[in-house]
Amino acid sequence: MAGQRTESYDFASIEARWRDSWQERGFFRVDTAARDQTFYYLNMFPYPSGYLHVGHGRNYIIGDVLTRMKTMRGFRVLNPMGWDAFGLPAENAAIDNGTHPRDWTLANIARSREQFRAWGVQFDWEREVTTCLPEYYRWTQWLFLELYRHGLAYKKKAVVNYCPNCQTVLANEQVVGGQCDRCGTAPEPRELAQWFFRITAYAERLLADLDRLSNWPENVVKMQENWIGKSVGAEVTFRTERGDDLVVYTTRPDTLWGATFMVLAPEHPLVDELTTPEHHAEVAAYRDQALRASNIDRLSTEREKTGAFTGAYAVNPVNGARIPIWIADYVLMTYGTGAIMAVPAHDERDFAFALKYGLPILPVIQRSDGRVRAFVPTRAIERAFAEQMTAAGLAVAEVDGGFVVDFDAADMDRAVRLIQSDLQSRAWASVAGARCAFIFHDAVVPLDSAAADHEIVARCALLGGKSFRGRTAMEILHQIPAYGGLLFHADLGTMQNSGPFSGTPGEKAKDAVTAWLEAEGKGKKAVNFRLHDWLISRQRYWGAPIPMVYCDACGEVPVPYDQLPVLLPDVEFIGKMGLADIPGYAETTCPKCGGKARRDTDTMDTFVDSSWYYLRFINPHDDERAFVRDDVDRWLPVNQYVGGVEHAILHLLYSRFITKALYDMGHAGFEEPFARLFTQGMICHPAYRCPKHGWIHPSEVAAGDTCAKCGSPLAVGSMKMSKSKRNTVDPAEIIARYGADAERVYTLFMGPPDRDIDWAEEGIRGAFRFLQRVWTLVVGHVESLAPLGKTADVGSLDDEGRALWRRYHQTVRKVTEDLETRFSFNTAVASIMELVNELAPYADRPDADPALLRETVDGLILLLSPLAPFLGEELWRRVGHSESTLEVAWPGYTEAALVEDAVEIPVQVNGKLRVRIAVPPSVAADAEALRAAALDHPDVKARLAGVKLLKAIAVPNKMVSLVVQ
RNA sequence: GCGAAGGUGGCGGAAUCGGCAGACGCGCUAGCCUUAGGAGCUAGUGCCCUCGGGCGUGCGGGUUCGACUCCCGCCCUUCGCACCA
């Protein structure tokens with residue numbers, strides 16, 4: 001066939017021929033003065049580690065496809081690239097390689113640029129920004145000063161997370177699962193004076209404006225919502241017996257009457273003063289142990305609750321009850337007020353704590369399901385008990401050691417009376433659930449107060465029975481298996497045992513109690529956020545210096561704007577070091593008084609660098625301003641932002657905060673930086689871990705998944721590609737073997753771009769074969785094409801020609817839609833493949849219509865050109881054109897071509913597909929006509945012979961559904 | 001525990017608004033062509049089958065003429081958060 005005669009697909013020389021053409025012609029240079037049809041596409045800029053693997057490629061290839069396609073659609077597409085170039089990895093790599101972080105970083109940038117070039121991925125390189133260069137970080141420092149000037153940057157002494165391995169503090173967001181985000185070490189708490197950005201001032205807006213981000217993935221929005229963690233409740237002031245005010249935060253003011261003790265965080269400032277002498281040793285020991293324990297231990301919910309009694313008491317402001325004050329590490333100093341009122345009946349943690357330490361548990365909220373269960377021990381009653389209960393209409397069942405009677409809260413009084421009447425004189429029974437009470441032969445004691453709790457415990461002790469003893473009534477109930485799951489609940493239910501508020505329904509309870517607290521001056525409504533202020537100081541060298549000076553006379557003095565940048569000293573890099581380790585760096589003069597002063601020796605978190613870079617791309621070379629308001633207002637918010645989900649919280653939250661702050665300062669006219677966000681999935685590849693040698697390269701894997709070095713069995717699993725796991729695939733090898741176009745097409749085709757997916761070598765061969773077929777098809781039929789500009793004369797085509805013509809126009813529509821609005825690259829590729837599958841046999845026909853071939857072959861090349869740009873350019877010239885595909889308008893389609901000659905309509909009988917009938921489009925589009933046509937069709941008639949037709953439903957253009965008897 | 005996403009052939013996946021399940025590709029089978037290949041071409045490929053059909057989208061129900069799709073209840077996988085009062 002054609003394959004033997006045509007020249008073969010020499011991707012290497014094709015790609016070499018076009019690789020630099022696009023940059024040379026400046027197709028991706030954008031004039032930001034442009035006003036119409038602008039589109040700002042942005043990839044999250046990479047950390048220049050010097051090696052981008054095929055997984056990184058996915059991100060940039062998607063962006064390149066869209067940029068090329070949108071350019072052909074007539075947009076001025078700004079797609080810039082920069083480098084998030086400060087930070088620890090550069091320092092660590094520099095230490096390993098005995099070089100300077102700057103040299104390592106700049107060399108890597110050059111290498112990465114080369115990788116983009118090999119991929120054919122294009123950017124407006126004239127706008128390249130590099131965060132570690134003074135011309136950029138000068139403006140990062142400007143940003144810091146602006147935040148400072150507006151009260152949004154402040155220095156404070158605080159207990160912060162310090163990573164001993166990285167030798168620097170970390171932001172809250174950088175402690176993931178109790179470990180340093182970077183190195184996995186458990187950070188230790190340290191009290192240090194550090195710079196913070198007041199992101200909490202924006203907590204409410206950052207939360208509220210999530211509603212505007214309808215074009216963000218829902219999970220990212222949810223993650224931010226959870227991270228901000230707004231909760232509404234009340235602050236209630238308890239008074240200690242010594243006379244201190246002890247303020248607690250609670251989301252459940254309605255449970256106040258059930259507060260039977262208080263718990264302070266071990267590091268709470270009042271602990272020392274409150275602790276009585278006889279409890280001092282125990283409290284001190286507990287606190288030391290708690291502070292030493294890393295966050296990891298404190299974080300586990302599984303862990304048993306521990307604590308220590310201070311010996312002190314407070315008074316419950318709502319009922320005057322005297323309640324003990326404890327300390328426990330399940331209360332965090334960093335949330336709320338660092339102190340809680342414990343309501344063990346309705347808080348799971350308090351419940352566990354109270355059971356362990358024998359503290360009273362008083363139910364004050366009814367279960368919302370109203371369920372009540374009585375447990376009656378066998379020896380407490382007569383033999384006929386069950387029969388009597390049944391006769392009274394109560395559900396009774398025998399269980400181990402006795403009977404349970406289940407009823408509704410409304411039936412409580414009657415049921416309790418009945419049980420009591422059966423009770424032996426020295427026995428007792430109990431009731432738990434929506435209501436809680438103990439039944440004695442001479443009294444029924446509801447568990448409604450501390451006094452009742454005492455009475456119950458005393459009576460039970462008196463009655464004996466070694467099995468049911470406890471320090472509290474609830475502890476006694478807890479020993480009865482039949483009550484499993486009934487003793488604790490956290491429902492919002494009707495209040496009970498709560499003085500004047502008893503009977504208040506659940507949905508009103510919180511507000512009613514809060515209003516009352518405010519009126520009484522005992523508390524007030526309060527809102528709490530999980531979000532903390534952003535700690536931005538870092539004690540490491542490779543970052544933007546914090547532009548602040550400390551003067552004995554003037555105090556804290558910001559570096560004047562005209563003295564920026566505060567340069568990172570160009571010194572020999574000697575390993576893990578900070579600016580404080582550089583002799584002479586700190587020495588300076590006070591900008592205010594000219595006296596001797598010291599510079600701040602910390603650098604900024606790299607997330608500060610990346611929190612505003614999208615603005616700098618608009619005016620990257622302006623040395624007067626960070627950015628120009630008019631210009632950024634025209635280009636931002638970014639139309640399409642693309643990156644990994646791993647930035648769902650840190651970078652994306654910080655950027656939103658900075659944008660809002662800049663908006664408030666009048667520097668920008670928009671409040672959200674990224675209008676549309678897409679988070680692409682990771683590419684995974686098998687990774688092998690040897691118990692002795694750690695992550696090993698596939699070349700070191702012996703047969704049967706054992707280590708070639710030591711023979712140990714390996715742990716194998718598909719994991720996100722990363723250098724450290726040694727499971728990356730080098731794009732250079734793929735490109736050498738199959739070409740960049742094949743890698744691009746495979747990357748797009750492998751699956752939906754937001755999903756994680758395994759890299760498979762076989763898959764890329766499929767993409768390669770496809771490109772080869774396109775090559776053979778086009779190059780082999782150049783002679784058969786009509787002159788440039790000809791399009792098919794539909795009227796003169798035969799059936800196959802018309803089918804191909806329609807297929808072509810359908811493909812144009814599908815590819816356009818898939819790329820531009822659906823982000824569905826895999827189906828776009830699939831539909832182009834289908835077109836090729838239909839075009840190839842037609843083109844081989846000796847009587848193929850030259851004009852149709854011209855139209856479809858030209859269109860095919862254009863549709864393919866954003867995906868496989870090298871092949872696109874080459875073929876475009878081969879078929880006679882002289883311009884670049886980027887200068888040609890994206891193909892359009894004709895509506896008329898989407899209409900079929902005859903529509904095949906499936907006919908269902910009783911829900912099963914039985915017959916397909918072909919009808920003209922006009923019939924298919926009309927329900928009545930379609931039904932008639934179906935019923936008239938011989939095959940359908942045959943199906944209906946001898947049965948009774950009950951219903952015939954015709955759905956225009958879709959199907960006919962017949963229901964028979 | 002809370003939140004999110006997902007579960008479809010041997011594999012990656014498609015089915016966009018409730019309307020022909022499995023597009024497209026990989027792999028596999030057979031044949032052709034070459035015959036050193038991981039090259040090319042053609043045909044086939046969800047499962048079962050008595051060849052008429054039957055069964056099939058994690059499981060169990062429901063709504064509907066019709067359900068991968070909607071509703072209810074479960075199970076499993078992945079991710080994020082997690083003693084947040």
Side-chain angles (χ1 to χ4, degrees), chain A residues 1-4 8 176-178 217-227 229-231 233 248-252 255 263 265 298-303 305 328-332 334-343 346-350 352-353 528-531 645-646 648-649 681-682 737 745-746 749-752 754-770 772-773 776 814 817-818 821-822 824 826-834 836-837 904-914 916 950-955 957-964:
Chain A
M1 263 216 350
Q4 277 119 38
S8 66
V176 175
E218 204 187 337
N219 60 327
V220 174
V221 171
K222 279 282 176 208
M223 280 162 77
Q224 293 217 349
E225 196 180 308
N226 292 342
W227 189 263
K230 180 181 179 176
S231 86
V248 301
Y249 171 75
T250 177
T251 53
R252 293 294 303 272
T255 63
V263 187
R298 262 179 93 156
L299 273 169
S300 165
T301 39
E302 312 300 311
R303 191 164 145 254
K305 302 275 170 292
D329 64 6
Y330 78 90
V331 174
L332 311 173
T334 49
Y335 186 78
T337 61
I340 63 157
M341 63 174 203
V343 183
H346 307 295
D347 180 284
E348 214 171 342
R349 296 152 294 170
D350 298 344
F353 193 83
N528 250 294
F529 292 95
R530 216 190 76 114
L531 182 70
V645 228
E646 65 273 18
I649 295 170
M682 298 174 297
R737 211 116 144 236
V745 169
Y746 172 56
F749 182 63
M750 62 198 309
D754 53 349
R755 215 176 292 175
D756 290 354
I757 209 152
D758 288 324
W759 179 270
E761 186 87 19
E762 293 76 31
I764 198 165
R765 296 224 315 273
F768 178 77
R769 277 203 285 263
F770 165 63
Q772 203 165 34
R773 291 183 63 205
T776 310
K814 170 116 181 99
E817 222 176 84
D818 280 355
T821 61
R822 294 213 314 145
S824 183
N826 52 331
T827 53
V829 173
S831 66
I832 296 175
M833 287 173 169
E834 287 180 76
V836 171
N837 290 345
E904 192 177 74
I905 297 286
V907 179
Q908 281 185 359
V909 179
N910 282 355
K912 292 210 163 58
L913 177 76
R914 293 303 183 192
R916 293 165 213 267
L950 299 177
K951 214 175 196 182
I953 298 153
V955 184
N957 296 319
K958 296 284 190 208
M959 60 148 34
V960 175
S961 186
L962 306 176
V963 189
V964 299

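Keep in mind that the numbers below use all heavy atoms, side chains included, and drop hydrogens, waters and symmetry copies. In what follows, chains carry the letters A, B, and so on, assigned in the order in which the sequence lines appear, proteins first and then strands, with residues in each chain numbered from 1. Owing to the predicted nature of the structure, the values given are computational and were not obtained by experimental measurement.
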Asker: Could you work out the separation of B/C70 and B/G54 based on their P atoms and round it to a whole Å?
Answerer: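 To the nearest whole Å, 27 Å.
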Asker: Roughly how far apart, to the nearest Å, are B/U78 and B/C28 at atom C1'?
Answerer: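 Approximately 30 Å lies between the C1' atom of B/U78 and that of B/C28.
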Asker: How far, in whole Å, is B/A21 from B/A67 if one measures between their P atoms?
Answerer: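 After rounding to an integer number of Å, I get 10 Å for this pair.
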Asker: Which base sits across from B/G18 as a Watson-Crick or G-U pair, both distances under 3.5 Å?
Answerer: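 When the pairing criteria are applied, nothing turns out to pair with B/G18, so the answer is none.
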Asker: Is there a Watson-Crick or G-U wobble partner for B/G56 with both distances under 3.5 Å, and if so, which one is it?
Answerer: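 Partner of B/G56: none.
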Asker: At 4.0 Å (heavy atoms only), tell me whether A/Pro217 reaches a base, stays on the sugar-phosphate, or touches nothing.
Answerer: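 Contact class for A/Pro217: none.
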Asker: So what does A/Gly766 touch, heavy atoms closer than 4.0 Å: a base, only the sugar-phosphate, or nothing?
Answerer: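 Contact class for A/Gly766: sugar-phosphate only.
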Asker: Which one is paired to B/U63, where only Watson-Crick or G-U wobble pairs with both distances under 3.5 angstrom count?
Answerer: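 WC or wobble partner does not exist here.
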Asker: Could you check whether atom CD of A/Glu348 has more than 12 heavy atoms from other residues, nucleotides or ligands sitting under 6.0 Å from it?
Answerer: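 No - once you tally the heavy atoms of other residues, nucleotides and ligands closer than 6.0 Å, there are 12 at most.
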Asker: Would you kindly give the CG-to-P distance between A/Asn957 and B/C17, to the nearest whole Å?
Answerer: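 Rounded to the whole Å, the gap is 17 Å.
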Asker: As a test of the definition: with a 90° window around 0 for syn, would you call B/C17 syn or anti?
Answerer: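 Syn.
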Asker: Under 4.0 angstrom, heavy atoms only, what part of the nucleic acid is A/Glu834 near: base, sugar-phosphate, or nothing?
Answerer: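 Sugar-phosphate contact only - A/Glu834 comes under 4.0 Å of backbone atoms but never of a base.
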Asker: Name the nucleic acid region contacted by A/Ile832, choosing base, sugar-phosphate or nothing; use a 4.0 angstrom heavy-atom cut-off, strictly under.
Answerer: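 No contact at all - A/Ile832 keeps every heavy atom at 4.0 Å or more from the nucleic acid.
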Asker: Looking at B/U69, which nucleotide sits across from it as a Watson-Crick or G-U wobble partner, both distances under 3.5 angstrom, or is there none?
Answerer: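 Pairing partner, where one exists within any strand: none, as none qualifies.
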Asker: Indicate whether OP1 or OP2 belonging to B/G40 is found under 4.0 Å from a side-chain N or O atom of A/Gln772.
Answerer: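 Affirmative; the distance criterion is met.
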Asker: Step by step, would you call A/Gln908 with A/Met959 a side-chain contact (heavy atoms from CB on, under 4.5 Å)?
Answerer: CA-CA 8 Å; A/Gln908 281 185 359; A/Met959 60 148 34; 3.2 Å; yes
Asker: Tell which nucleotide pairs with B/C24, taking only Watson-Crick or G-U wobble pairs whose two distances are both under 3.5 angstrom.
Answerer: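 The base-pairing partner of B/C24, which may sit in any strand shown, is B/G12.
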Asker: B/A85, OP1 or OP2 - any side-chain N/O from A/Arg530 closer than 4.0 Å?
Answerer: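 No, no such contact exists.
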Asker: Pairing check on B/C49: which nucleotide meets the Watson-Crick or G-U wobble criteria with it, both distances under 3.5 Å?
Answerer: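 The answer is none; no pair meets the criterion.
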Asker: If B/C81 has a Watson-Crick or G-U wobble mate with both distances under 3.5 Å, name it; if not, just say none.
Answerer: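 Across any shown strand, B/C81 pairs with B/G1.
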Asker: Any side-chain N or O of A/Tyr249 below 4.0 angstrom from OP1/OP2 of B/A85?
Answerer: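 No, no such contact exists.
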Asker: Mind checking if A/Val955 touches a base, just sugar-phosphate, or nothing, with heavy atoms under 4.0 Å?
Answerer: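 Counting heavy atoms under 4.0 Å across all strands, the contact made by A/Val955 includes a base.
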Asker: If I pick the C1' atom on B/C33 and the same atom on B/U45, what distance separates them, to the nearest angstrom?
Answerer: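 Each nucleotide's C1' atom is 23 Å from the other's.
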Asker: Under 4.0 angstrom, heavy atoms only, what part of the nucleic acid is A/Glu348 near: base, sugar-phosphate, or nothing?
Answerer: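 Touches nothing.
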Asker: Between B/G1 and B/G56, how far apart are the P atoms? Round to whole Å, please.
Answerer: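 The answer is 33 Å between these two P atoms.
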Asker: Does B/G9 adopt a syn or an anti glycosidic conformation, taking syn as a chi angle within 90° of 0?
Answerer: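 Base orientation: syn.
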Asker: Would you call the rings of A/Trp759 and A/Tyr746 parallel, tilted or perpendicular, taking 30° and 60° as the class edges?
Answerer: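 Perpendicular.
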Asker: Just how far, in rounded Å, is P of B/C17 from CE of A/Met959?
Answerer: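 Roughly 18 Å, once rounded to whole Å.
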Asker: Can you tell me, in whole Å, how much space there is between the P of B/G61 and that of B/G80?
Answerer: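 It works out to 36 Å between them.
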Asker: For A/Leu913 and A/Ile757, find the nucleotide of RNA chain B closest to each by heavy atoms; which residue's nucleotide sits nearer the 5' end?
Answerer: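 Closer to the 5' end of RNA chain B: A/Ile757.
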Asker: Look only at the side chain of A/Asn910 and the backbone of A/Val964, and say whether a donor-acceptor pair between them is shorter than 3.5 Å.
Answerer: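 Yes, because the side chain of A/Asn910 sits within donor-acceptor range (under 3.5 Å) of the backbone of A/Val964.
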Asker: Given 3.5 Å as the limit, does a donor-acceptor pair link the side chain of A/Asp756 with the main chain of A/Met682, or not?
Answerer: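 Such a contact is found between A/Asp756 side chain and A/Met682 backbone.
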Asker: Can you identify which nucleotide, out of B/G13, B/C84, B/G54, has its nearest atom closest to the A/Arg914 side chain?
Answerer: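 Of the candidates, B/G54 comes closest.
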Asker: Between A/Arg822 and A/Lys958, name the one whose nearest nucleotide on RNA chain B is closer to the 5' end.
Answerer: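 Final value for this comparison: A/Arg822.
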Asker: Tell which nucleotide pairs with B/A30, taking only Watson-Crick or G-U wobble pairs whose two distances are both under 3.5 angstrom.
Answerer: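 Paired with B/A30, as far as the under-3.5 Å criterion goes, is B/U42.
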Asker: What is the nucleic acid contact for A/Lys230, judged by heavy atoms within less than 4.0 Å: base, sugar-phosphate only, or nothing?
Answerer: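 Nothing, no nucleic acid heavy atom in range.
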Asker: Which whole number of Å gives the distance between the P atom of B/A14 and that of B/U63?
Answerer: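 Between the two P atoms, the distance is 31 Å.
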Asker: When you check every protein heavy atom under 4.0 Å of nucleotides 3-10 of chain B, what one-letter string (B, S, -) results, 5' to 3'?
Answerer: SSS-----
Asker: Can you check whether A/Arg769 has a side-chain N or O nearer than 4.0 Å to OP1 or OP2 of B/G38?
Answerer: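 So the side-chain polar atoms of A/Arg769 never come under 4.0 Å of the phosphate oxygens OP1 or OP2 of B/G38.
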Asker: Give A/Arg737 one of three labels, base, sugar-phosphate or nothing, depending on what nucleic acid heavy atoms sit under 4.0 Å from its own.
Answerer: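 Answer is base: heavy atoms of A/Arg737 come under 4.0 Å of a base.
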Asker: In whole angstrom, give me the gap between the C1' atoms of B/G18 and B/G66.
Answerer: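 Approximately 8 Å lies between the C1' atom of B/G18 and that of B/G66.
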Asker: Assess whether side chain to side chain donor-acceptor pair (under 3.5 Å) is satisfied between A/Arg773 and A/Asn837, documenting all intermediate values.
Answerer: CA-CA 9 Å; A/Arg773 291 183 63 205; A/Asn837 290 345; 2.9 Å; yes
Asker: Do A/Asp350 and A/Ile340 come close enough that some side-chain heavy atom pair is under 4.5 Å?
Answerer: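 A side-chain contact exists here, since the closest heavy-atom pair is under 4.5 Å.
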Asker: Decide yes or no on side-chain contact (heavy atoms from CB on, under 4.5 Å) for A/Val907 and A/Leu913, but give the supporting numbers first.
Answerer: CA-CA 6 Å; A/Val907 179; A/Leu913 177 76; over 6 Å; no
Asker: Calculate, to the nearest 0.5 Å, the distance between atoms OG1 and CD belonging to A/Thr827 and A/Glu817 respectively.
Answerer: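 Result: 9.5 Å between the selected atoms.
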Asker: Are any non-hydrogen side-chain atoms of A/Met341 and A/Thr255 less than 4.5 angstrom apart?
Answerer: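 They are in contact (side-chain heavy atoms under 4.5 Å apart), so the answer is yes.
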Asker: Students often get this wrong, so: under 4.0 angstrom with heavy atoms, is A/Asn837 touching a base, only sugar-phosphate, or nothing?
Answerer: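 Sugar-phosphate, no base atom in range.
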Asker: Check this one for me: any side-chain N or O of A/Asn826 less than 4.0 Å away from OP1 or OP2 of B/C24?
Answerer: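 For A/Asn826, the contact criterion (side-chain N or O under 4.0 Å from OP1 or OP2 of B/C24) is not met.
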